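Just so we're on the same page: letters track the sequence lines, and every chain starts at 1. Computed from a predicted structure; not experimentally measured.
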There are 2 protein chains.
Amino acid sequence: MQIVLDPVVEAPCCVLGTVDLDQAEAERIAPMFKALGDPVRLRLAALIAAGGRVCVCELTGNFDLSGPTISHHLKTLREAGLVDCERTGTWVYYWIRPESLQLLAGLLQVTGPVG
Amino acid sequence: MQIVLDPVVEAPCCVLGTVDLDQAEAERIAPMFKALGDPVRLRLAALIAAGGRVCVCELTGNFDLSGPTISHHLKTLREAGLVDCERTGTWVYYWIRPESLQLLAGLLQVTGPVG
DNA sequence: CGCCTGATTCGAAATGTGTCAAGATAGGCG
DNA sequence: CGCCTATCTTGACACATTTCGAATCAGGCG
């Protein structure tokens, strides 16, 4: 006699439940989510993603925040590995690192039925 | 004469760059990323996802943390909408809310070529 | 009811984060 | 070189977060 378990309850519903996420791995990945966990940085990432390659001066106007604050958030995104930047003359341009987004998207991917 | 733009540079590389992420929307979504932005909570989410429906008492032993601290992190995950829970007798069981993971995964999905 | 176990809430301490003003740095231009 | 603009760093402050122990709540059981 074979017992068939209810897949909704018993199986991992998503990739996150199938990876071996030990403490070291969690400490490596969590900062990426953390960087996206601030509304300002999430919008910054979206603006950069939308523009492809965006000058800081194009970003600042979208927020009621000082330049240093925007700069600080961009640094956080960069140190998390989500964006990269390059100076060109007077301006600094930022772009998304798609491989980082892909890593996170892969973890969150849902494999089972969504309730 | 038609000018053809380089799609790698000019097009959004991911869904995040195609959605209209205004401040209100960012403030709604960012807490979900924030909740996953702590190594303990990320591992908790992974353990819950792996188990399908997991008792708190099965989670605590995986960490060098007190019960109240685990409880606090679980509350954070729940308030972010990433998990839900239910009391059954003495025990409380947690499970993933796949629709929330799917929302985040969709945002991070990469549509263009990955450098 | 009274006690035990599992889980959460409360209160407090240490640490981290978001923000700004002021100052420093980098590069273009005269 | 000296000045201007764009960006980043520093220093400071208010607020949030992580963590614990102690107390509390919820439910089973004698």
Q. Which hydrophobic side chains are connected to A/Y93, either touching it within the sub-4.5 Å cutoff or through other members that do?
A. A/W91

Q: Measure across B/A49 and A/C14 and return the closest heavy-atom pair with its distance rounded to 0.1 Å.
A: CB-SG, 3.6 Å

Q. Got a second to check how far A/L107's CG is from A/I29's CD1, nearest 0.5 Å?
A. 5.0 Å

**Q.** Set of residues satisfying side chain to side chain contact (heavy atoms under 4.5 Å, CB included) with respect to B/T111, sequence neighbours excluded
**A.** B/V15

Q.
Holding to salt bridge (Lys or Arg N to Asp or Glu O under 4.0 Å), I want the full list of residues that pass it with B/R87, two or more places apart in sequence or in another chain.
A. none

Q.
Strictly by salt bridge (charged side-chain N to carboxylate O under 4.0 Å, His left out), give each pair with a member in residues 97-108 of chain B just once, sequence neighbours left out.
A. B/R97-B/E99

Q: For side chain to side chain contact (heavy atoms under 4.5 Å, CB included), just list the numbers for A/D84 and A/R78, CA-CA rounded to whole Å, side-chain angles, deciding distance to a tenth of an Å, and then say yes or no.
A: CA-CA 6 Å; A/D84 206 349; A/R78 187 162 45 80; 4.2 Å; yes

Q | Residue met sooner reading DNA chain C from 5', once A/P68 and B/P68 are mapped to nucleotides | A | B/P68

Q: Supply the members, apart from B/W95, of the Ile/Leu/Val/Met/Phe/Trp/Tyr cluster built from side-chain contacts under 4.5 Å; use none for a lone residue.
A: none

Q. Counting only non-hydrogen atoms, which of residues 69-78 of chain A are less than 4.0 Å from DNA chain D?
A. A/S71, A/K75

Q: Please report the closest heavy-atom contact between B/A30 and A/D38, naming both atoms and the distance.
A: CB-C, 3.8 Å

Q: Return the residues of residues 26-38 of chain B meeting this criterion: a heavy atom under 4.0 Å from some atom of DNA chain D. Order them by number, or give none.
A: B/K34, B/D38

Q: Only counting residues at least two apart or in another chain, list the ones meeting side chain to side chain contact (heavy atoms under 4.5 Å, CB included) with A/V54.
A: A/E58, A/L59

(Q) Give me each pair satisfying side chain to side chain donor-acceptor pair (under 3.5 Å) with a member in residues 27-36 of chain A, each pair once, sequence neighbours excluded. (A) A/Q23-A/E27, A/E25-A/R28

Q) Does anyone know the first and last nucleotide of DNA chain D in reach of chain B, 5' to 3', at under 4.0 angstrom to a heavy atom? A) D/dT17 to D/dG28

Q) Is there side-chain contact between B/L108 and A/L36, with at least one heavy-atom pair below 4.5 Å? A) yes

Q. Which heavy-atom pair separates A/P39 from B/A26 by the least distance, and what is that distance?
A. O-CB, 3.7 Å

Q: Heavy atoms only: give me the nearest B/R43-B/N62 pair and the separation to one decimal.
A: NH2-O, 3.2 Å

Q. Heavy atom of residues 82-97 of chain A under 4.0 Å from DNA chain D: which residues?
A. A/T90, A/W91, A/V92, A/Y94

Q: Might you point out which heavy atoms bring B/P98 and A/P113 nearest each other, and give the distance in Å?
A: CG-O, 4.3 Å

Q. Looking at DNA chain C, which of residues 54-65 of chain B put a heavy atom within less than 4.0 Å of it?
A. B/C55, B/V56, B/C57

